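Proteins come first, then strands; the chains are lettered A, B, ... in the order of their sequence lines, and each starts at number 1. Values in this document were obtained by computation on a predicted structure and should not be read as measured data. Computation of the quantities below employed the complete heavy-atom set of this structure, encompassing side-chain atoms and omitting hydrogens, waters and symmetry-equivalent molecules.
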Amino acid sequence: MNLLANLNPQQQQALTAGTGPVLVLAGPGSGKTRVLTNRIAYLISHLGVRPYNILAVTFTNKAARQMQQRVEELLGENLRGLSLGTFHATCARLLRREADYLPFKSSFVIFNDDDQRNLVKRALREFDIDEKRYRPHSVHGSISRAKNELILPAEYPNTNYRDEVVARVYTRYQELLLSSNALDFDDLLMWTARLLEEQPAVREKYSRRYEHVLVDEFQDTNMAQYLLLKHLAAFHRNIFVVGDSDQSIYRWRGADHRNVQRFEQDFPDAQVILLEHNYRSTQIILDAAMAVIDRNPHRTRKSLFTERGSGDKIILQEVFDGREEASFVVNSIAQEVLQGAEPGNFAVMYRTNAQSRQLEEAFLQANLPYKLVGAQRFYGRREVKDILAYLHLVYNPENETSLLRVINTPRRKIGNKTLEDLRTLAINENTSLSAILLDLAQGEGSEFYGSFTRGAGLALSRFGDLLTGWRALINDLPPLGLMDRILNDVDYQSYLDDGSEEGIDRWDNVLELRRLAAEYSDRGITDFLQDIALVSDQDTLDETANVPTLMTLHAAKGLEFPVVFIAGLQDGTLPHVRSFDDPEAMAEERRLLYVGITRAKDRLYLLHALNRSTYGYTEPSDPSRYLSDIPDELVEGGNQVLIGKPSRTVRADLWEAASPASPVPVLQSEYKAGMQVRHPAWGEGMVLNSKIQDGEEIVDVFFEDKGLKKLAASLAKLELVNTNQ
DNA sequence: GCATCGGATTTTTTT
DNA sequence: AATCCGATGC
């Protein structure tokens with residue numbers, strides 16, 4: 001096996017770098033995954049490091065799986081003992097093993113978004129805090145940020161009233177989590193970092209074990225992750241990190257690309273290796289990407305280059321609105337597929353999830369299949385959530401969110417009044433809802449039975465009885481067996497079957513979940529529930545389907561496609577309005593576009609709409625400011641407008657295309673809002689708007705003396721005075 | 001206890 | 001436009 005074959009000198013240098021800290025700054029498409037996987041293989045095969053002594057962490061399960069697979073291919077041997085996984089899964093494993101040091105049991109569950117938000121709500125209600133003023137979502141965001149920064153409830157800053165509220169809720173939220181024997185996503189990182197920080201014995205154990213620590217997407221690490229990595233690598237100091245500050249797009253979730261600089265400070269002896277050779281894109285695409293990213297301040301410039309040649313120009317397409325944009329995308333893809341292109345070669349990317357709807361509609365209307373990354377399509381389904389809540393409840397009866405979700409699903413005549421009584425009783429008895437339910441299972445023998453009306457008592461008792469039955473099975477049945485038993489006991493299928501098509505769809509999803517559960521007969525329910533809690537959007541991507549992919553720019557990171565459409569390039573969408581007043585956030589918007597552009601291998605379409613709809617209202621919009629940063633010579637206007645409804649309904653599997661409309665030449669706007677221009681008669685004025693109408697550029701100019709004038713750019717002899725960017 | 005209606009609110013990005 | 005929440009009436 002020659003691990004060095006097919007690697008360029010920089011990649012080889014990274015691969016064979018000796019011991020000590022190594023920082024690999026890897027541009028997009030520069031083969032960083034390859035470097036990481038070959039490095040692991042190299043450590044094992046050439047340096048004789050045992051897999052047991054290696055830790056490699058990624059951000060997504062998909063990346064982890066890919067790495068595992070490639071290392072196995074390279075070595076052709078068993079990697080027993082190798083720790084390779086996502087940050088969250090790695091932390092979960094460590095915390096389960098070291099639970100003796102911690103205030104929760106090793107059987108803890110991981111709460112999902114719903115569970116987390118529910119706990120915040122409960123805490124808010126307990127303190128009688130107005131949920132309108134303090135949105136659970138926003139309060140949770142503050143708590144999450146604190147955890148990522150390793151700030152404990154007691155340490156939460158107290159500079160204004162909101163802080164004070166958050167601190168109180170944070171404190172209570174943590175208590176509620178612990179009383180449910182549950183952790184949230186951030187806890188996994190925070191508890192691990194704190195454990196390693198505070199327990200020298202544990203730190204010693206793991207940092208001695210992990211002779212080599214390797215990290216993917218290092219620029220996306222937050223404080224907690226950085227600290228725990230530092231501790232894990234404390235003994236051997238062999239830490240090999242790969243990242244690209246320009247692709248840091250998770251600042252809002254605590255990621256701090258300055259960790260790259262921090263790394264250089266904390267490990268001054270680090271070898272720094274730069275990977276600039278790009279193996280993915282054409283030079284035109286790389287040039288456009290660099291033109292966009294070079295405008296960000298405080299960065300180390302990279303010059304990406306390729307040997308693939310310049311390639312096709314970027315196609316810039318102006319469309320009327322989101323609908324037309326979607327049609328354009330679908331028609332363009334359909335036409336290329338007609339000419340022999342693989343449907344799976346195409347990807348459509350956008351800034352916000354909401355933008356996917358119109359695109360999906362266009363695909364559906366044309367009867368063309370597509371796949372959508374993320375948005376929790378499967379796990380967000382009501383029926384899937386229901387079944388998982390049942391399993392969670394059986395596994396961990398203290399999980400009140402799950403209990404409340406399923407106690408009356410399907411309907412069991414347990415309504416709000418009964419639940420309120422149950423809660424009051426639980427508080428008075430200083431116990432949990434489930435404990436009372438389980439006791440009520442005895443029926444009249446229960447001391448609580450008399451606390452309810454006859455109907456309510458009976459309904460609760462019945463449910464308690466069901467729960468007791470399932471509890472008894474949990475250690476004897478695999479996840480699928482338990483699931484089937486529950487489905488059967490509650491007659492879930494007839495609950496879903498309301499005679500509608502949707503009911504059948506829903507049952508299909510249940511069957512899909514059964515298939516998933518079947519894979520866990522060896523590993524058991526703990527792993528089943530944990531893995532589901534930690535699936536990422538990218539993980540749900542079905543790579544076998546040869547159809548176009550729709551996804552947010554965030555979800556696109558790490559992926560590549562021959563042809564990429566980036567939709568919705570308007571100011572306010574990308575960059576997003578919510579970032580306007582924060583320079584750091586604006587820099588990140590730019591990086592987001594950079595990530596999007598660099599996903600493209602051969603061809604790139606950039607689309608912007610003249611009108612955008614938000615909240616159901618439509619208003620005019622300006623092209624994204626980033627578009628003007630891309631040099632004109634890299635771009636051509638779309639010269640085939642394939643707009644209009646995909647006119648024929650076609651069989652999806654054939655991928656026949658809609659008939660193309662007659663080609664119409666498309667102009668590019670020469671003038672943009674904010675430009676200063678001079679008119680021969682009216683003097684200086686400012687461009688307020690410019691649009692293409694009937695093959696003509698119409699510019700709105702405001703003149704001090706004359707007021708607003710609409711001019712045809714080709715006729716009015718306008719002179720550019722000063723471009724105000 | 002449950003279905004229905006109207007109004008408010010939402011959209012930034014996710015492990 | 002779509003979803004969530006609370007109030008209302010049966």
Exercise. Could you label the plane-to-plane angle of the A:His554 and A:Tyr250 rings as parallel, tilted or perpendicular, counting under 30° as parallel and over 60° as perpendicular?
Key: tilted

>> Are A:His231 and A:Tyr206, when compared by the centres of their aromatic rings, separated by less than 6.0 Å?
In response: no

Compare side-chain N and O positions of A:Arg357 against OP1 and OP2 of B:dT11 and report whether any pair is under 4.0 Å apart.
no

In whole angstroms, the gap separating C1' of B:dT14 from CG of A:Leu559 amounts to 15 Å

note: A:Asp130, atom CG; B:dT9, atom P; distance rounded to Å ~ 10 Å

A:Asp113 has its side chain closest, among B:dT10, B:dT15, B:dG1, to B:dT15

Taken in chain and number order and not counting sequence neighbours, the residues that satisfy ring-ring contact (aromatic ring centres under 6.0 Å, His included) with A:Phe59 are A:Phe87

Check your understanding: Distance check: side-chain N/O of A:Asn148 vs OP1/OP2 of B:dT15, anything under 4.0 Å?
Key -> no

With the side chain defined as heavy atoms from C-beta on, A:Thr352 is closest, among B:dT15, B:dT14, B:dT13, to B:dT13

May I ask you to decide if the ring planes of A:Tyr226 and A:Phe218 are parallel, tilted or perpendicular, using 30° and 60° as cut-offs? tilted

Is A:Phe185 touching bases, backbone alone, or none of the nucleic acid, heavy atoms closer than 4.0 Å?
base

Checking B:dT15, C:dC5, B:dT13 against the side chain of A:Lys121 (C-beta onward), the nearest is C:dC5

Between A:Leu189 and A:Ala456, whichever has its closest DNA chain B nucleotide further toward 5' is A:Ala456

> Quick check: does any side chain N or O of A:Asn61 sit under 3.5 Å from a backbone N or O of A:Leu534, one acting as donor and the other as acceptor?
Replying inline: yes

query = Which part of the nucleic acid, if any, lies within contact of A:Arg411, taking any heavy atom under 4.0 Å across all strands shown: a base, the sugar-phosphate backbone alone, or nothing?
reply = sugar-phosphate

Side-chain contact check for A:Arg135: nearest option of B:dC2, B:dT14, B:dT9 is B:dT9

Check your understanding: With a non-hydrogen cut-off below 4.0 angstrom, is A:Asp186 in contact with a base, only sugar-phosphate, or nothing?
Key -> nothing

Atom CG of A:Asp531 and atom C1' of B:dT15 are separated, to the nearest Å, by 13 Å

Per atom distances to the A:Trp252 side chain, the nearest of B:dG1, B:dT14, B:dT9 is B:dT14

Ranking B:dT14, B:dC2, B:dG1 by distance to the side chain of A:Thr418, first place goes to B:dG1

ask   = Taking OP1 and OP2 of B:dG1, is either one under 4.0 Å from a side-chain nitrogen or oxygen of A:Arg412?
value = no

note: A:Lys62, atom NZ; B:dT15, atom P; distance rounded to Å ~ 12 Å

If I pick the C1' atom on B:dT11 and the same atom on C:dG6, what distance separates them, to the nearest angstrom?
23 Å

Atom CD of A:Glu420 and atom P of C:dG6 are separated, to the nearest Å, by 12 Å

A:Asp582 atom CG is separated from B:dT13 atom C1', nearest whole Å, by 14 Å

Whole-Å distance, A:Leu553 CG to B:dT13 P, equals 11 Å

Q: Indicate yes or no for a side-chain donor-acceptor contact from A:Ser106 to the backbone of A:Arg97 under 3.5 Å, with no hydrogens or angles considered.
A: no

Testing B:dG1, C:dA2, B:dT13 for proximity to the side chain of A:Lys417, the answer is B:dG1

| query | Looking at A:Thr552, does any N or O in its side chain come under 4.0 Å of the phosphate oxygens OP1/OP2 on B:dT14? | reply | yes

Among B:dT10, B:dT13, B:dG1, the one nearest any side-chain atom of A:Asn353 is B:dT13

Here the distance between atom P of B:dT11 and atom CG of A:Leu574, to the nearest Å, is 19 Å

- Message: For a quick test of reading the model: is some side-chain N or O of A:Lys132 closer than 4.0 Å to OP1 or OP2 of C:dG6?
- Response: no

